[in-house]
Amino acid sequence: MLQGVDARSITFRRYREILASLIADMGGDPTEAQSQIARRAASLSIWCEDQDTAAANGTPIDIGAYTTASNSLRRLLESLGLERKQRNVTPTIAEYAAQKAAEKARAA
(Lines give C-alpha, C1' and ligand atoms only; values in the text may rest on other atoms or scores of the structure.)
Protein backbone atom coordinates (compact mmCIF):
# COMPACT_ATOMS: atom_id res chain seq x y z
CA MET A 1 0.00 0.00 0.00
CA LEU A 2 2.58 2.56 1.11
CA GLN A 3 6.20 1.78 0.40
CA GLY A 4 8.74 2.28 3.16
CA VAL A 5 6.14 2.32 5.94
CA ASP A 6 6.19 -0.07 8.89
CA ALA A 7 2.84 -1.82 8.54
CA ARG A 8 3.03 -2.80 12.22
CA SER A 9 2.94 0.77 13.50
CA ILE A 10 -0.12 2.08 15.31
CA THR A 11 -0.38 4.96 12.84
CA PHE A 12 -0.35 2.67 9.80
CA ARG A 13 -2.87 0.31 11.35
CA ARG A 14 -5.18 3.28 12.01
CA TYR A 15 -4.64 4.49 8.42
CA ARG A 16 -5.57 1.06 7.08
CA GLU A 17 -8.64 0.92 9.38
CA ILE A 18 -9.92 4.32 8.24
CA LEU A 19 -9.26 3.51 4.57
CA ALA A 20 -11.09 0.18 4.86
CA SER A 21 -14.07 1.93 6.47
CA LEU A 22 -14.20 4.55 3.74
CA ILE A 23 -14.06 1.89 1.04
CA ALA A 24 -16.79 -0.12 2.78
CA ASP A 25 -18.94 3.02 3.01
CA MET A 26 -18.61 3.40 -0.77
CA GLY A 27 -19.93 -0.13 -1.33
CA GLY A 28 -16.57 -1.87 -1.50
CA ASP A 29 -15.67 -1.28 -5.13
CA PRO A 30 -14.18 2.21 -5.52
CA THR A 31 -12.87 3.62 -8.76
CA GLU A 32 -9.21 4.65 -8.89
CA ALA A 33 -10.23 8.27 -8.37
CA GLN A 34 -12.29 7.33 -5.32
CA SER A 35 -9.36 5.27 -3.99
CA GLN A 36 -7.03 8.24 -4.36
CA ILE A 37 -9.45 10.54 -2.53
CA ALA A 38 -10.04 7.92 0.19
CA ARG A 39 -6.28 7.55 0.78
CA ARG A 40 -5.90 11.33 1.16
CA ALA A 41 -8.90 11.43 3.49
CA ALA A 42 -7.41 8.64 5.62
CA SER A 43 -4.10 10.51 5.87
CA LEU A 44 -5.78 13.77 6.86
CA SER A 45 -7.97 11.91 9.36
CA ILE A 46 -4.90 10.53 11.10
CA TRP A 47 -3.24 13.94 11.20
CA CYS A 48 -6.40 15.53 12.63
CA GLU A 49 -6.71 12.74 15.21
CA ASP A 50 -3.11 13.36 16.28
CA GLN A 51 -3.91 17.04 16.68
CA ASP A 52 -7.05 16.19 18.68
CA THR A 53 -4.94 14.05 21.01
CA ALA A 54 -2.36 16.81 21.42
CA ALA A 55 -5.04 19.38 22.21
CA ALA A 56 -6.74 17.04 24.69
CA ASN A 57 -3.39 16.59 26.44
CA GLY A 58 -2.97 20.36 26.70
CA THR A 59 -0.35 20.67 23.98
CA PRO A 60 -0.81 23.80 21.86
CA ILE A 61 -1.68 23.09 18.23
CA ASP A 62 -1.60 25.23 15.12
CA ILE A 63 -5.30 26.02 14.87
CA GLY A 64 -4.92 27.43 11.36
CA ALA A 65 -3.34 24.22 10.07
CA TYR A 66 -5.93 22.19 11.96
CA THR A 67 -8.83 24.16 10.51
CA THR A 68 -7.39 23.94 7.00
CA ALA A 69 -6.90 20.18 7.33
CA SER A 70 -10.38 19.70 8.77
CA ASN A 71 -11.98 21.67 5.95
CA SER A 72 -9.94 19.79 3.35
CA LEU A 73 -10.99 16.50 4.93
CA ARG A 74 -14.65 17.55 4.85
CA ARG A 75 -14.37 18.42 1.14
CA LEU A 76 -12.69 15.09 0.36
CA LEU A 77 -15.40 13.21 2.23
CA GLU A 78 -18.10 15.20 0.42
CA SER A 79 -16.48 14.17 -2.87
CA LEU A 80 -16.76 10.54 -1.82
CA GLY A 81 -20.28 10.96 -0.52
CA LEU A 82 -20.95 11.18 3.18
CA GLU A 83 -23.66 8.51 3.22
CA ARG A 84 -23.08 4.79 3.12
CA LYS A 85 -23.89 2.93 -0.05
CA GLN A 86 -25.18 -0.60 0.08
CA ARG A 87 -23.22 -3.25 -1.69
CA ASN A 88 -25.27 -5.53 -3.91
CA VAL A 89 -25.00 -8.97 -2.32
CA THR A 90 -27.87 -10.55 -4.25
CA PRO A 91 -26.56 -13.55 -6.18
CA THR A 92 -27.27 -13.91 -9.88
CA ILE A 93 -29.56 -16.73 -10.95
CA ALA A 94 -26.55 -18.74 -12.10
CA GLU A 95 -24.78 -18.24 -8.75
CA TYR A 96 -27.92 -19.19 -6.84
CA ALA A 97 -28.40 -22.34 -8.94
CA ALA A 98 -24.75 -23.32 -8.47
CA GLN A 99 -25.04 -22.81 -4.72
CA LYS A 100 -28.18 -24.96 -4.51
CA ALA A 101 -26.54 -27.67 -6.63
CA ALA A 102 -23.49 -27.67 -4.34
CA GLU A 103 -25.70 -27.91 -1.25
CA LYS A 104 -27.64 -30.80 -2.81
CA ALA A 105 -24.39 -32.59 -3.72
CA ARG A 106 -23.07 -32.23 -0.13
CA ALA A 107 -26.30 -33.59 1.32
CA ALA A 108 -26.19 -36.67 -0.93
Engineer: Would a distance-only check, ignoring hydrogens and angles, find a side-chain to backbone donor-acceptor pair under 3.5 Å from S35 to T31?
Structural biologist: yes

Engineer: If you group Ile, Leu, Val, Met, Phe, Trp and Tyr by side-chain heavy-atom gaps below 4.5 Å, do L44 and I23 land in one group?
Structural biologist: yes

Engineer: Indicate if L77 and Y15 have the same hydrophobic cluster label, given that clusters are the connected sets of ILVMFWY residues with side-chain heavy-atom separations under 4.5 angstrom.
Structural biologist: yes

Engineer: For residues Q34 and L80, report the shortest heavy-atom separation together with the two atoms involved.
Structural biologist: O-CD2, 3.6 Å

Engineer: Between I46 and T11, what is the shortest heavy-atom contact and its length?
Structural biologist: CD1-O, 3.6 Å

Engineer: Minimum heavy-atom separation for P30 and M26, please, with both atom names.
Structural biologist: CB-CE, 3.8 Å

Engineer: Determine, for R74 against E78, whether the closest basic-nitrogen to carboxylate-oxygen distance falls under 4.0 angstrom.
Structural biologist: yes

Engineer: With side-chain contact (heavy atoms from CB on, under 4.5 Å) as the test, would you mind laying out the steps for R8 and F12 before giving the verdict?
Structural biologist: CA-CA 7 Å; R8 299 168 297 173; F12 183 78; over 6 Å; no

Engineer: Counting only heavy atoms from other residues, nucleotides and ligands, does the tally under 6.0 Å from CD1 of I10 exceed 12?
Structural biologist: no

Engineer: Side-chain donor-acceptor pairs under 3.5 Å in residues 96-104, sequence neighbours left out?
Structural biologist:
| from | atom 1 | to | atom 2 | distance (Å) |
| --- | --- | --- | --- | --- |
| Q99 | NE2 | E103 | OE2 | 3.4 |

Engineer: Once rounded to the nearest 0.5 Å, what's the spacing between atom CZ of R75 and atom CD1 of I37?
Structural biologist: 12.5 Å

Engineer: Do W47 and L22 share a hydrophobic cluster, counting only Ile, Leu, Val, Met, Phe, Trp and Tyr and linking them when any side-chain heavy atoms are less than 4.5 Å apart?
Structural biologist: no

Engineer: What's the separation between atom OG1 in T53 and atom CD in E49, rounded to the nearest 0.5 Å?
Structural biologist: 7.5 Å

Engineer: If I take atom OG1 from residue T68 and atom CG from residue L73, how far apart are they, to the nearest 0.5 angstrom?
Structural biologist: 12.5 Å

Engineer: Please round to the nearest 0.5 Å and tell me the distance separating atom CG of L76 and atom CD of Q36.
Structural biologist: 11.5 Å

Engineer: For the CD1 atom of I63 and the OG1 atom of T67, what is their distance to the nearest 0.5 Å?
Structural biologist: 4.5 Å

Engineer: Atom CG of D50 and atom OH of Y66: how far apart are they, to the nearest 0.5 Å?
Structural biologist: 11.0 Å

Engineer: Quick check: are there more than 12 heavy atoms from other residues, nucleotides or ligands sitting under 6.0 Å from CG of N57?
Structural biologist: yes

